[in-house]
Amino acid sequence: MGTSNQVGPGVPDGIDPAADSRATYDYVSDDVQRPGLVSDLEERIEGDVRFDEYSRQLYATDASAYEVLPVGVVFPQSTADVASVVEYCAAREIPVLPRGGGTSLAGQTVNEAVVLDFTRYMDSVLETDPDAARARVQAGTYIGDMNAAFAEHDLKFAPDPAYGDKSAVAGAIGNNSTGSHSLKYGKTDAYVESCEVVLADGTVTEFGEVTLSELKDRADPDGDLEAQIHAEVARILDEKTDTIDEVFPDLKRNVSGYNLDRLVEEAEDGSVNLARLLAGSEGTLAIITEAEVSLEAVPETKSIALLAYEDLIDAMEDVSIILEHDPSALEVLDDTLLELAGKTEEFGPLVAEMVPEGTGAMLLVEFYADSDEEGKQKVADLIADRVPDGESERDPSEGASEITDDPHFAFHAQEAHADDERKRFWKLRKSGNPILLGRTTDEKHISFIEDTAVPPENLPEYVADFQDLLEDVGTFAAFYAHAGPGCLHIRPLVNTKTTEGMEQFEAIAEGATDLVVEYGGSVSGEHGDGRARSQFNRKLYGDDLWETFEELKTAFDPDWLLNPGNICGDHDMTENLRFSPEYDFELGFDPVLEWDNDNGMQGMVELCHGCGGCRGPQDTTGGVMCPTFRASEEEITSTRGRANMLRQAMSGDLPEDVTDEEFMTEVLDLCVGCKGCAKDCPSEVDMAKLKAEVTHQYHQEHGSSLRDKIFANVDRLFPMGSALAPLSNYAQRLPGRRAIQEKVLGIARERDFPTFYRETFVDWFAGHEPQVSAAEADRKVLLFPDSFSNYNRPQAGKAAVRVLEAAGVHVDVPNDVTDSGRAANSKGFLDKAGEHARENVDALAPRVEDGWDVVSVEPSVAVMFQLDYLDLLSGPDVETVANNTYGIFEYLDTHGLVDDLDVTAADRPLTYHGHCHQKAIKKDHYTENVLETAGFTVDALDSSCCGMAGSFGYEAEHYSLSQSMADILLDQVRDSSGERVIAPGASCRHQIGEHEQASDDPPHPVEVLAENLDG
């Protein structure tokens, strides 16, 4: 092959933050199971072996409804490691389970087995041959990382599962994954050329294409394991071809059972590819360690039509007709999703803008094209054919309205061709997942029959019968996703915590299987068999092929030790559910914060469904979540890991309390409270709020350290530092100061304290002559004097005053307020934070009622008022203050004040790192909007937490993790086209400013705006 390139999320600089001698965490618990087994494995491999209680619980779940405690977890570094583990386990009859990102929806990546997680070390693209459009990759490589590596060659790995940037390639093979564009690309098996595998006895071999004669030459029923495998495959081809042709459904989407239809299809041309037989086998036949895959060209451009229908059945009637237009994707949203989306803050405006009145379902139809004109033509022809009186951007081809003479069902159409417009259309389609997964009730939209598939021409009758089935059992479901290939995502609302819910659960599964058999479909068109559907393969394929599956499994795995129970095993879909009638939950304390979701704090603890959205790398996933996972690549540092651990502790799976010292240290202390999960998690798990609640309870039970009290009480310390300036600043230069601060207070010796100013911002403003009187101003602002802008960076406050007055705003700085409470809240001192909140609300609410707005220079303080105060307090006053508080740039942009500014923008382009808290509530874009409107060139980084996170980066035991997070940000800064770094957050500026390769003292964006004002 050609070039060699290493990719993969990787710990920055290859350093584990826990290797710092000051780190108090090691990602594991002290309770280790089967220590003799651990010792034996550690002697045999280079990778990591973890059989502690925390690691086992972390790998007990995936993205499915199931939970099974594994024997232990191993992170292999090489194929040799994998072979050693498998050989050792085979000799002792210990099951083994290969696992990637744990994004499986049917429970195929949880089992009572030794779990092999390939994503830590075996995650590289080994070789890329752009001329041959092929690449060789390790098993744990994320598909998103692969495509990032192939992008320079305008190539991609074609299958596009929804969580491809967190899904490993071997997992995609094991599941035979596909995605929204399966109409063009089919399933993963079409792109698997060969695989290096470890067989059930530890043998390492390569599976690829062989002629039928070579297959028979290698076959020997009495030979070694590989010879027995060849013999069984040859026997199936000799004896079962007709049965396979007759029984397997004729579908683009079928991943149920073993991939025998592909085997038979290839044999017609005189050869078979045994690597493709592994596609869809869910790790039950062999363990893939490397794969050679073929690649596809990235399409030149795309175009989209969005068609509206009165109801779902009408939309289904149109599917097979639209397929004649050769779309690349054909997706559906039903009325349930559109109604739910319309009620959300995020998707509501999108629904209002894009969904016409009377819409009961929509079809999104995408076309690939070689040019924009070709794409527009395809859309125009579709609209002319399918939408009476429909209009499009260009004239349809002659006769386009006569392509078919089928009845018309769509009543409205709109189209998108530009990239940003297409993204809006896809955002509406993808709204289904976060909406359905955001329920905090005991009823959940569970994934267990969510990917049944039937031939597209059968969809109208199938959907109608399915709706009748749901009505008969007393529930409903959302229907969405891949209508084109006939694979609908159907998510019934079921409460498996009750006996009645379990009866619904089982009846729906049985009824759905009967329907897909009746309509020539499959019980799984995308997400695999696993624990949810393996038992139904007998009904789908019949006893003969079920026995054939068993015989194939036995040939590959004589003792049934590789992920046993899946495909043709003994799984019962009603067993090992995460939530069942036997499930018990106890918080263990009374929450302090307001929890206005269903089921309160318990609902939030149970909200994570396990998709692994928090495990995405910065380069390919972007966003804020989850910065500690990105820096450490440890499951326990992901939002999924923490949420699962909280739930497992509170439900009794973990034999300890959430406020135990070890649990706090390993599970919660490493959460930096960035709030990214509240935005980036599809379920919107608010881990920052959960951490604050549990940490508060920890303080109540165990007290708090001197350092925590110091950081929580900056409102008392900062005034002292300011009053003693410049002596307080000189003190930082004293010999031995760094050693003392670390030894006595646990504050990292590498850290400098913020600079204090004798003249505070409040002092300065007291002598400031207002430039705009209240009488002549259209707007009045109370500029909140937060502790950072007041004592550490008064120039930011001064700049805000200048900018607001230049925009014609009357500004006042209230003198009857206290600290915002942000520091106390972050450290879990909720009583103190609540006291600050109450004092500020009492002072500000009357003036807000009188027409004043509250504005903050510090982003974390603005969000404290806008969001956290609503958790700490209740009542109309706090709502009034929250609803009328703004960050400085949010205020300028929301009220259209930028046009009132006379700015001569500097020539130097800016690199902008926004604050996590503002990103979390989707208010970070205002800064970029204002600066660009004012004429600046801005490169807004898609960055996560800087790693300082208030006091987190100061704490000695967290310093290395803080720096690992900073490394990710600073790499982005270095790669930016900007020449001057700006950041609104005090912590962010401090972190960037301390780094030796970064510019000193990055300014607040408002300072840049102020210094470029004319006049």
Side-chain angles (χ1 to χ4, degrees), residues 1-10 123-138 141-170 172-173 177-194 290-304 326-331 364-379 416-426 430 484 616-622 939 942 971-972 975-977:
M1 288 191 170
T3 60
S4 176
N5 45 351
Q6 299 283 330
V7 301
D123 62 349
S124 296
V125 174
L126 301 173
E127 296 179 83
T128 303
D129 187 343
D131 294 331
R134 289 194 178 188
R136 191 167 185 89
V137 297
Q138 289 183 302
T141 312
Y142 289 161
I143 294 173
D145 288 324
M146 290 166 56
N147 286 333
F150 306 149
E152 62 178 301
H153 309 298
D154 292 323
L155 296 170
K156 67 176 181 177
F157 181 67
D160 57 346
Y163 283 93
D165 51 342
K166 301 88 153 171
S167 300
V169 65
I173 297 171
S177 296
T178 180
S180 295
H181 296 90
S182 64
L183 291 173
K184 284 293 184 187
Y185 296 125
K187 304 188 293 288
T188 293
D189 58 2
Y191 303 92
V192 179
E193 302 302 330
S194 66
E290 294 180 8
E292 183 176 339
V293 297
S294 54
L295 310 175
E296 290 283 341
V298 176
E300 288 295 327
T301 190
K302 307 169 188 176
S303 289
I304 295 177
D326 192 29
S328 60
L330 176 49
E331 306 280 297
L364 182 149
V365 188
E366 183 182 76
F367 295 96
Y368 285 167
D370 292 329
S371 67
D372 290 338
E373 290 306 305
E374 181 188 4
K376 291 178 180 180
Q377 191 67 63
K378 290 182 177 182
V379 168
H417 305 285
D419 184 59
D420 58 344
E421 282 298 298
R422 294 198 309 269
K423 287 180 179 178
R424 287 177 64 251
F425 280 38
W426 273 110
K430 293 179 177 180
Q618 193 74 48
D619 291 346
T620 58
T621 303
D939 179 17
D942 185 7
D971 283 344
Q972 292 180 287
D975 292 339
S976 171
S977 58

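- Residues Gln138 and Val169 share a closest heavy-atom pair of O-CG1, 3.3 Å.
- Side-chain atoms of Leu330 and Leu183, non-hydrogen and from C-beta on, do get closer than 4.5 Å to each other.
- Taken from OG in Ser303 to CD in Glu373, the straight-line distance is 9.5 Å, to the nearest 0.5 Å.
- A distance of 8.5 Å separates CG in Asp372 from NE2 in His417, rounded to the nearest 0.5 Å.
- The distance from atom OG of Ser167 to atom CG of Asp160, rounded to the nearest 0.5 Å, is 11.0 Å.
- In summary, Lys423 and Asp420 do not engage in a salt bridge, as defined by a charged side-chain N under 4.0 Å from a carboxylate O.
- Side-chain contact between Ser194 and Arg136 is present, with heavy atoms from C-beta onward closer than 4.5 Å.
- Of all non-hydrogen atoms in Thr620 and Asp165, the two that sit nearest each other are OG1-CB, 4.0 Å.
- In this structure the side chain of Asp129 never reaches within 4.5 angstrom of the side chain of Glu292, judged on heavy atoms.
- Scanning all heavy atoms of the two residues, the minimum distance from Gly375 to Ala369 falls at N-CB, 3.5 Å.
- In this structure, the separation between CZ on Phe425 and CD on Glu366 is 11.5 Å, given to the nearest 0.5 Å.
- By the 6.0 Å contact criterion, NZ on Lys156 is enclosed, its count of non-hydrogen atoms from other residues, nucleotides or ligands being greater than 12.
- Annotation for Lys166 and Tyr142: closest pair O-CE2, 3.6 Å, computed over non-hydrogen atoms.
- Applying the salt bridge (charged side-chain N to carboxylate O under 4.0 Å, His left out) test to pairs two or more places apart or on separate chains, those with a residue in residues 178-194 are Arg134-Glu193, Lys184-Asp326, Asp189-Arg262, Glu193-Arg276.
- Aromatic ring pairs are classed by plane angle as parallel below 30°, tilted from 30° to 60° and perpendicular above 60°; the pair Tyr368 and Tyr185 is tilted.
- In terms of heavy atoms, Ser976 sits closest to Asp939 at OG-OD2, 2.5 Å.
- The structure places NZ of Lys430 at 6.0 Å from OG of Ser180, a figure rounded to the nearest 0.5 Å.
- Rounded to the nearest 0.5 Å, atoms CG (Asp154) and CG (Leu295) are 12.0 Å apart.
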